[in-house]
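Just so we're on the same page: letters track the sequence lines, and every chain starts at 1.
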2 protein chains.
Amino acid sequence: MSDNLFEVLAEPKRRTILDALRVKERTVGELVALTSLSQPGVSKHLRILREAGLVSAAKHGQKHLYRLHAQPLTDVDRWLQPYRPLWPDKLDALERYLDEEES
Amino acid sequence: MSDNLFEVLAEPKRRTILDALRVKERTVGELVALTSLSQPGVSKHLRILREAGLVSAAKHGQKHLYRLHAQPLTDVDRWLQPYRPLWPDKLDALERYLDEEES
DNA sequence: CGGAAATATAACCAATGGGTAATATATAGA
DNA sequence: TCTATATATTACCCATTGGTTATATTTCCG
């Protein structure tokens, strides 16, 4: 399966689902409405997200309430870490600007 | 093509290439050695990375020196942003521990 | 100039993935 | 109990992708 977290996140609809769950818990039906996917389509994505540990479901009667678990995203954050000092952020731009002023 | 940065990063060998370029610039031949891919395989990945703005090449004679550009990764960082307050980090764990001490 | 070296592109293939319709399963409610 | 609702799973299809081999292109060097 998708042993790779980046692959899980690569699928746009899955990020849409995560973004939706970030706000609050949702049932599958609600996610279907939010993603304009078929119900099986959403269930398929939810399975992959579950297996990645990014969401979990709680059965409330016939409804399944899905909840976000952000923890695995720390892996992405950690991968990003060594790149952070390399990208030019606004502060760096300001520094360069000031450096040029001096000369 | 791959209009999606996450998709570009989803491929493990591409991350290997980025990680290698993070250390220093490399020629295609060097990357072939580092990735245990065929030369065309590496060139294909490099093209995708180029189109994503993550690397650029400088011709030095017959050799092409590839260099990393971390800037597009800020997009990933920005996507991650709203999730950060949600994942339980070590500090939070410490806080919880201390809270329990009090009671 | 002619061959070797470095890289890119083209052509092709097998595997994967995301989508859907159809079906199974479980629960709510009359 | 029977039907409707909510979700999951299965089966299938088409497009994409990552890999390779073969070929083109450029540059170096004898």
Given atom [atom1] of [X] and atom [atom2] of [N], what is their separation to the nearest angstrom?
X       : N      : atom1 : atom2 : result
B:Gln62 : D:dC28 : CD    : P     : 6 Å
B:Leu49 : C:dA8  : CG    : P     : 12 Å
B:Glu11 : C:dG17 : CD    : C1'   : 15 Å
B:Lys44 : D:dT17 : NZ    : P     : 10 Å

Residue [X], side-chain atoms from C-beta onward, closest of [options]:
X       : options                : result
B:Pro40 : D:dT7, D:dT21, C:dG18  : D:dT21
A:Leu46 : D:dA8, C:dG19, D:dT5   : D:dA8
B:Arg14 : C:dG19, D:dG18, D:dC28 : D:dG18
B:Ser43 : C:dA8, C:dG18, D:dG18  : C:dA8
B:Lys13 : D:dA8, C:dG18, D:dG19  : D:dG19
A:Val28 : D:dT17, D:dG19, D:dA8  : D:dA8
B:Arg50 : C:dT27, D:dT7, C:dT9   : C:dT9

Testing the basics here: between [X] and [Y], what is the closest heavy-atom pair and its distance to 0.1 Å?
X       : Y       : answer
B:Val32 : B:Gln39 : CG2-CA, 3.6 Å
A:Arg22 : B:Pro82 : NH1-CB, 3.3 Å
B:Gly53 : B:Pro72 : O-CG, 3.4 Å

N/O (side chain, [X]) to phosphate O (OP1/OP2, [N]) under 4.0 Å:
X       : N      : answer
A:His64 : D:dA6  : no
B:Lys59 : D:dT27 : yes
A:His45 : C:dG19 : yes
B:Tyr66 : C:dA6  : no
A:Ser38 : C:dT20 : yes
B:Arg47 : C:dT7  : no

Check every strand shown and say whether A:Gly41 touches a base, only sugar-phosphate, or nothing at a heavy-atom separation below 4.0 Å.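 Here A:Gly41 touches the bases of the nucleic acid.
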With respect to A:Tyr66, which candidate in A:Arg26, A:Glu30, A:Arg50 satisfies the side chain to side chain donor-acceptor pair (under 3.5 Å) definition?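 Among the candidates, only A:Arg50 passes.
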Can you tell me if A:Tyr83 uses its side chain to pair, donor with acceptor, with the backbone of B:Asp19 under 3.5 Å?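 Answer holds: yes.
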